[in-house]
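Here's the structure, in structure tokens; my notes come after.
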Protein chains: 2
Amino acid sequence: MEKRYKTPKECLGKLMPVRDTLDIFQGKWKIQIISVLMYYDECSFKLLKESVKGITSKMLSKELKELEVNQLVEREVIDTRPVTIRYRITPYGESSRDIIIALYNWGVEHRKKIIGKE
Amino acid sequence: MEKRYKTPKECLGKLMPVRDTLDIFQGKWKIQIISVLMYYDECSFKLLKESVKGITSKMLSKELKELEVNQLVEREVIDTRPVTIRYRITPYGESSRDIIIALYNWGVEHRKKIIGKE
DNA sequence: TATACTAGTATACTTGAGGATACCAACTTT
DNA sequence: AAAGTTGGTATCCTCAAGTATACTAGTATA
């Protein structure tokens, strides 16, 4: 059995997938938007804006477009009067649920720790 | 059994822990630094800088300080000549492993999907 | 003596993410 | 006809995150 050393090069290889993920979910809003869509299953622009507290129309619109490009979210126009727009997580977007859950759980524990101290 | 409706207010409650977590891990580098520290168990400043590709001394120093403040990373000065500095994940920092794993796994699957397309 | 290494600090600078505000089209309601 | 609703755009602006570059103390090594 050969001896293995940990190297920056090997480390970078392990780090790459994490970097890729961070690239896609970067920014203040994308994770929050996905979380909200997972909560509601489907959602109008207005309801999203109310639920992702603090976000402006401009940012919400921009972030939704980027999430669409990456096929994490889909936008459906329904021919009613007036037109209804429905945002929804795609099946692929569903694959990020583990990330959301991990973030959620950590946040819950973190809050317990912080409160326990004060 | 009472009927339950999903509301922006209830949604915000569910979203709060996620927001808390995002606040702490925000930025381009913190998750990467933690990932690298988990890879090596312990690590010098130099090795960290080589492994977190692209980071500058200033950013690495700054981010490490913030991670220390949040008790996710510890810095040990060892009285050798020259002085050795050892960075390490704290036990509390270890609790973020699930997040790192989720990000890693998603990145791996994402890469498969992207490559499969080209 | 001169060069090199570790672990950073100091300073100046850039840039783009995000915020604030106003506005718009298409439609409905009163 | 006027006001309200949804689902956004269009501009302008700010600030902090991040970059670039140089430099330092203390030690070791050639």
Side-chain angles (χ1 to χ4, degrees), chain A residues 7-8 11 15 18-19 21-37 40 42-70 72-89, chain B residues 7-8 11 15 18-19 21-37 40 42-70 73-88:
Chain A
T7 64
C11 180
L15 196 51
V18 175
R19 291 175 85 128
T21 306
L22 290 176
D23 275 349
I24 286 178
F25 293 100
Q26 229 172 27
K28 190 173 171 182
W29 301 115
K30 292 200 186 69
I31 290 280
Q32 293 189 55
I33 292 169
I34 291 172
S35 301
V36 168
L37 286 174
Y40 287 120
E42 63 182 51
C43 199
S44 69
F45 189 89
K46 193 200 170 201
L47 187 51
L48 264 171
K49 208 189 153 191
E50 284 166 13
S51 300
V52 181
K53 211 182 169 183
I55 199 167
T56 60
S57 293
K58 182 195 156 191
M59 284 309 293
L60 180 54
S61 172
K62 188 190 136 215
E63 299 289 77
L64 282 168
K65 275 176 195 157
E66 290 178 27
L67 291 170
E68 258 191 279
V69 166
N70 284 310
L72 299 169
V73 165
E74 62 187 12
R75 177 180 185 271
E76 191 191 357
V77 181
I78 300 164
D79 188 8
T80 52
R81 277 145 203 249
V83 175
T84 308
I85 313 274
R86 224 189 265 157
Y87 288 97
R88 209 182 283 119
I89 302 280
Chain B
T7 63
C11 181
L15 197 51
V18 175
R19 292 176 84 128
T21 306
L22 291 176
D23 275 348
I24 285 178
F25 293 100
Q26 226 173 26
K28 192 174 172 182
W29 301 114
K30 291 199 187 70
I31 291 281
Q32 292 189 56
I33 291 168
I34 291 172
S35 301
V36 169
L37 285 174
Y40 288 120
E42 63 182 49
C43 199
S44 68
F45 189 89
K46 193 197 170 200
L47 187 52
L48 264 170
K49 207 189 154 191
E50 284 167 14
S51 300
V52 181
K53 212 181 169 182
I55 199 168
T56 60
S57 293
K58 183 193 157 191
M59 285 308 294
L60 180 53
S61 172
K62 188 191 136 215
E63 299 290 78
L64 282 169
K65 276 175 196 158
E66 290 178 27
L67 291 170
E68 258 191 277
V69 167
N70 284 309
V73 164
E74 62 188 9
R75 177 181 185 269
E76 190 190 358
V77 181
I78 300 164
D79 188 9
T80 52
R81 274 139 206 251
V83 175
T84 308
I85 313 275
R86 225 189 263 156
Y87 287 98
R88 209 183 282 119

> If you check every side-chain atom of S57(B), which of dA28(D), dG18(C), dG8(C) has the closest atom?
Replying inline: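 The closest nucleotide is dG8(C).
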Beyond-backbone contact of [X] with [Y], side-chain heavy atoms, under 4.5 angstrom:
X: L47(B); Y: P8(A); value: yes
X: L67(A); Y: Y87(A); value: no
X: L37(A); Y: R88(A); value: no
X: M59(A); Y: K62(A); value: yes
X: L48(B); Y: L64(B); value: yes

Could you list, one pair per line, each protein nitrogen or oxygen that sits under 3.5 Å from a nitrogen or oxygen of nucleotides 4-7 of chain C, together with the distance?
from   : atom 1 : to     : atom 2 : distance (Å)
dT6(C) : OP1    : K46(B) : NZ     : 2.9
dT6(C) : OP2    : K46(B) : NZ     : 3.1
dA7(C) : OP2    : K46(B) : N      : 3.3

Provide, to the nearest angstrom, the distance between the [atom1] atom belonging to [X] and the [atom2] atom belonging to [N].
X: L60(B); N: dT19(D); atom1: CG; atom2: C1'; value: 14 Å
X: E63(B); N: dG18(D); atom1: CD; atom2: P; value: 6 Å
X: D79(A); N: dC27(C); atom1: CG; atom2: P; value: 10 Å
X: K53(B); N: dT19(D); atom1: NZ; atom2: C1'; value: 17 Å
X: M59(A); N: dG16(C); atom1: CE; atom2: P; value: 14 Å
X: E42(A); N: dG7(D); atom1: CD; atom2: P; value: 12 Å
X: K62(A); N: dA10(D); atom1: NZ; atom2: P; value: 15 Å
X: K49(A); N: dG18(C); atom1: NZ; atom2: C1'; value: 14 Å

> Partners of K30(B) by salt bridge (Lys or Arg N to Asp or Glu O under 4.0 Å), sequence neighbours excluded?
Replying inline: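 Counting only residues at least two positions away or on another chain, K30(B) forms a salt bridge (Lys or Arg N to Asp or Glu O under 4.0 Å) with E63(B), E66(B).
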>> Please enumerate all residues that pass salt bridge (Lys or Arg N to Asp or Glu O under 4.0 Å) together with R75(A), with sequence neighbours excluded.
In response: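 Applying salt bridge (Lys or Arg N to Asp or Glu O under 4.0 Å) to R75(A) gives none.
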> So, S61(B) side chain and S57(B) main chain: donor-acceptor pair closer than 3.5 Å or not?
Replying inline: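 Pair absent, no side-chain N/O of S61(B) close to backbone of S57(B).
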>> side-chain contact (heavy atoms from CB on, under 4.5 Å) for F25(B) and I31(B)? Distances and angles first, verdict last.
In response: CA-CA 6 Å; F25(B) 293 100; I31(B) 291 281; 3.7 Å; yes
>> Could you report the tightest heavy-atom contact between E74(B) and E68(B), atom names first, then the distance?
In response: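 For E74(B) versus E68(B), the nearest heavy atoms are CA-CG, 4.4 Å.
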>> Looking at every heavy atom in both I55(B) and K49(B), which two are closest together, and how far apart are they?
In response: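 That closest heavy-atom pairing would be O-CE, 3.8 Å.
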>> With rounding to the nearest 0.5 angstrom, report the OH to OG1 distance, Y40(A) to T7(B).
In response: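 One gets 6.0 Å once the value is rounded to the nearest 0.5 Å.
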>> Rounded at 0.5 Å granularity, tell me how far CD1 in I89(A) sits from CG in L72(A).
In response: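 That separation rounds to 7.5 Å.
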Taking only nitrogen or oxygen atoms into account, show me every contact under 3.5 Å that the protein makes with nucleotides 1-3 of chain C, one pair per line with its distance.
none

Please tabulate the protein-to-nucleotide N/O contacts below 3.5 Å involving nucleotides 10-14 of chain C, giving atom names and distances.
from    : atom 1 : to     : atom 2 : distance (Å)
dA12(C) : N6     : K58(B) : NZ     : 3.2

> Under the side-chain contact (heavy atoms from CB on, under 4.5 Å) criterion, do K28(B) and Q26(A) qualify, and how do the steps go?
Replying inline: CA-CA 8 Å; K28(B) 192 174 172 182; Q26(A) 229 172 27; 4.2 Å; yes
> Looking at residues 26-36 of chain B, who's got a heavy atom less than 4.0 Å off DNA chain C?
Replying inline: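 Contacting residues: none.
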